[in-house]
Number of protein chains: 2
Amino acid sequence: MTQDVRKIKTERDLQVAFIQLLAMKGFRQITVADICEASLTSRSTFYAHYLDKYDLLDQMVAHYSAIFANRVDMRFDQIIAGDIDDLVAGLSADMAENRWAVQVLFGVHEPEADLQANFRTMLLKKWQNFIAEQVLQTDAPTDLIASMGTSVQMTLIEWVISHDKATLDGVTGVVDTIRKAVLLHLDTKA
Amino acid sequence: MTQDVRKIKTERDLQVAFIQLLAMKGFRQITVADICEASLTSRSTFYAHYLDKYDLLDQMVAHYSAIFANRVDMRFDQIIAGDIDDLVAGLSADMAENRWAVQVLFGVHEPEADLQANFRTMLLKKWQNFIAEQVLQTDAPTDLIASMGTSVQMTLIEWVISHDKATLDGVTGVVDTIRKAVLLHLDTKA
DNA sequence: GTTATAGTGTTCGAAATCCAACATTGGTTT
DNA sequence: AAACCAATGTTGGATTTCGAACACTATAAC
């Protein structure tokens, strides 16, 4: 069941090289040969693991999307409840390992593989469900509020992955203020 | 002639893992299994490349000693001539790739493998040859002067490999002053 | 239009690596 | 002393990777 370490190593090497190249040039400009050369892997081995460079991108985007999906519920509850300190600390910890890759992949926008869009879609669904569960007094457009909440969370995520853990002070206050403003028109009857 | 990339990769992986472990604990405490685990390599493969961990250490020390040997003549001439700026810049460039490994290996002192001692021995021989070629007026103990020159150079090297390139300003003046003092008693007739 | 050129994707025998076993050594515990 | 454990070094068959072809496509160059 557990696979051969050689497979783990080659996939790791190919993915690391791929991210390195993506940090230097656009996805379209990168060739399979580039990836193999940078990772000291033969092309025949590349094709034993992936259909093509699109498949490699797909799998990586799917991988990080899945990791994010596992955390979305927790993070969402935190921002609703106002645990901004915990939220920022948790996000930072989650991203610690994957920071570099996620940051680079956020710059890639292919029709069938867009990590940033995936994150945004997941958050938007959460907001829509959350609002649908409330019993509202307001006549404000709820889709607008959902979009606003999503944007705030995405901006926070992008901030965290592109800034050092040391420079996160002061973030909490800003986020909390905006969070309250977003939730302001969601007064419930209950 | 050119060897299979797989060999290059495994030796690189084993050596990187070895340096990582050496940065954490002593050479004696490190087992072959440790190195293999850290590098995702099987033990049988380790033994296909090295006789044992001592052999691995020997080969690495020999490797960096050889690199250093190729540069000793140039660096020696520079310090005699007083090209301290070029010397520091050149040393820094030489070490750029190997800084981490050399720095860690400088802390390992095994009877048959001691990189720091190798560097020192090479420099000392250079000084002794240099002094022997001079026609001296002085009655100062020349071996002492050779040892002093060697120590100054070793200290400079250790400074360069353990400090960032950005923090090298101010080094030149200090080294040049001491260099003149060391050479002071080597007045020649010619 | 044809001629290069660069990238894609495939194939197959050779080479390297893996894995799981094994015997052996040296030190510790009981 | 005996039993144990951790590490060493070795072996052989299974698996993976490599390297060097090959055919194919698309695009640019002449």
Side-chain angles (χ1 to χ4, degrees), chain A residues 1-63 104 108-113, chain B residues 1-63 104 108-113:
Chain A
M1 180 58 238
T2 59
Q3 60 178 353
D4 199 304
V5 281
R6 285 172 289 185
K7 291 188 173 184
I8 297 171
K9 272 194 285 187
T10 42
E11 291 184 6
R12 178 201 60 188
D13 292 347
L14 288 170
Q15 293 187 9
V16 168
F18 183 49
I19 295 294
Q20 282 175 339
L21 290 168
L22 275 176
M24 299 190 302
K25 47 183 172 178
F27 173 72
R28 301 283 172 77
Q29 330 305 331
I30 296 173
T31 71
V32 173
D34 288 340
I35 302 170
C36 292
E37 186 183 17
S39 62
L40 296 182
T41 309
S42 75
R43 280 193 316 119
S44 56
T45 300
F46 178 95
Y47 287 109
H49 289 262
Y50 304 103
L51 295 174
D52 47 36
K53 66 174 182 172
Y54 297 91
D55 185 37
L56 171 56
L57 179 64
D58 288 350
Q59 290 198 28
M60 292 194 71
V61 168
H63 174 72
V104 170
V108 180
H109 306 286
E110 291 295 316
E112 301 295 317
Chain B
M1 179 57 237
T2 58
Q3 62 177 351
D4 199 305
V5 282
R6 284 171 290 186
K7 290 189 175 184
I8 296 171
K9 273 193 286 187
T10 47
E11 290 184 7
R12 177 201 61 188
D13 292 347
L14 288 171
Q15 292 186 11
V16 168
F18 183 49
I19 295 294
Q20 282 175 339
L21 290 168
L22 275 176
M24 299 190 302
K25 48 182 171 177
F27 173 72
R28 301 282 173 78
Q29 331 304 332
I30 296 173
T31 71
V32 173
D34 288 339
I35 302 169
C36 293
E37 187 184 18
S39 61
L40 297 182
T41 309
S42 74
R43 281 191 317 118
S44 56
T45 300
F46 178 95
Y47 288 110
H49 289 262
Y50 305 103
L51 295 174
D52 47 35
K53 67 174 181 173
Y54 297 90
D55 185 37
L56 170 56
L57 179 63
D58 288 350
Q59 291 198 29
M60 292 194 70
V61 168
H63 173 71
V104 171
V108 180
H109 306 285
E110 291 294 317
E112 302 294 316

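Heavy-atom basis, side chains included; hydrogens, waters and symmetry copies ignored.
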field: Between CG on residue Asp58(A) and CG on residue Leu51(A), distance to nearest 0.5 Å
entry: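 Those atoms lie 9.0 Å apart.
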
Should His49(B) and Thr45(B) count as side-chain neighbours, where that means a heavy-atom distance under 4.5 Å?
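Yes, their side chains come closer than 4.5 Å.
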
- Is there side-chain contact between Tyr50(A) and Glu11(A), with at least one heavy-atom pair below 4.5 Å?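 They are in contact (side-chain heavy atoms under 4.5 Å apart), so the answer is yes.
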
Going 5' to 3' on DNA chain D, which nucleotide is the first and which the last to come under 4.0 Å of a heavy atom in chain B?
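Both ends considered, the range comes out as dA7(D) to dG19(D).
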
Original post:
Could you state the CG-P distance from Leu56(A) to dT8(C), rounded to the nearest angstrom?
Top reply: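 Rounded to whole Å, this separation is 12 Å.
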
* For Lys53(A) and dG9(C), what is the distance between atoms NZ and P respectively, to the nearest whole Å? ->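 These atoms are roughly 9 Å apart.
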
Please give me the minimum heavy-atom distance between [X] and [Y], naming the atom from each residue.
X	Y	answer
Lys9(A)	Ser39(B)	CD-O, 4.1 Å
Asp52(B)	Asp55(B)	OD1-N, 2.8 Å
Leu14(B)	Ile35(B)	O-CG2, 3.7 Å
Tyr47(B)	Val32(B)	OH-CG2, 3.7 Å

(message) What residues from residues 14-26 of chain A pass a heavy-atom cutoff of under 4.0 Å to DNA chain D?
(response)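 Nucleic-acid contacts, sorted: none.
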
Heavy-atom contacts, protein to nucleotides 17-24 of chain C, under 4.0 Å, summarised as B (base), S (sugar-phosphate only) or - (none) per nt, yield BBB-B---

Review point. Do Thr31(A) and Asp34(A) pass the side chain to side chain donor-acceptor pair (under 3.5 Å) test, and can you show the C-alpha distance, the side-chain angles, and the key distance before you say yes or no?
Key: CA-CA 5 Å; Thr31(A) 71; Asp34(A) 288 340; 3.2 Å; yes

Open item on the list: Taking atom CD as the centre, does Glu110(A) end up with more than 12 heavy-atom neighbours from other residues, nucleotides or ligands that are less than 6.0 angstrom away?
Closed with: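 Yes, enclosed.
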
Quiz item: Quick one: is the NZ or CZ of Lys53(B) closer than 6.0 Å to the six-membered ring centre of Phe18(B), and within 45° of its axis?
Solution: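 No - Lys53(B) does not lie over the ring of Phe18(B) by the 6.0 Å and 45° rule.
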
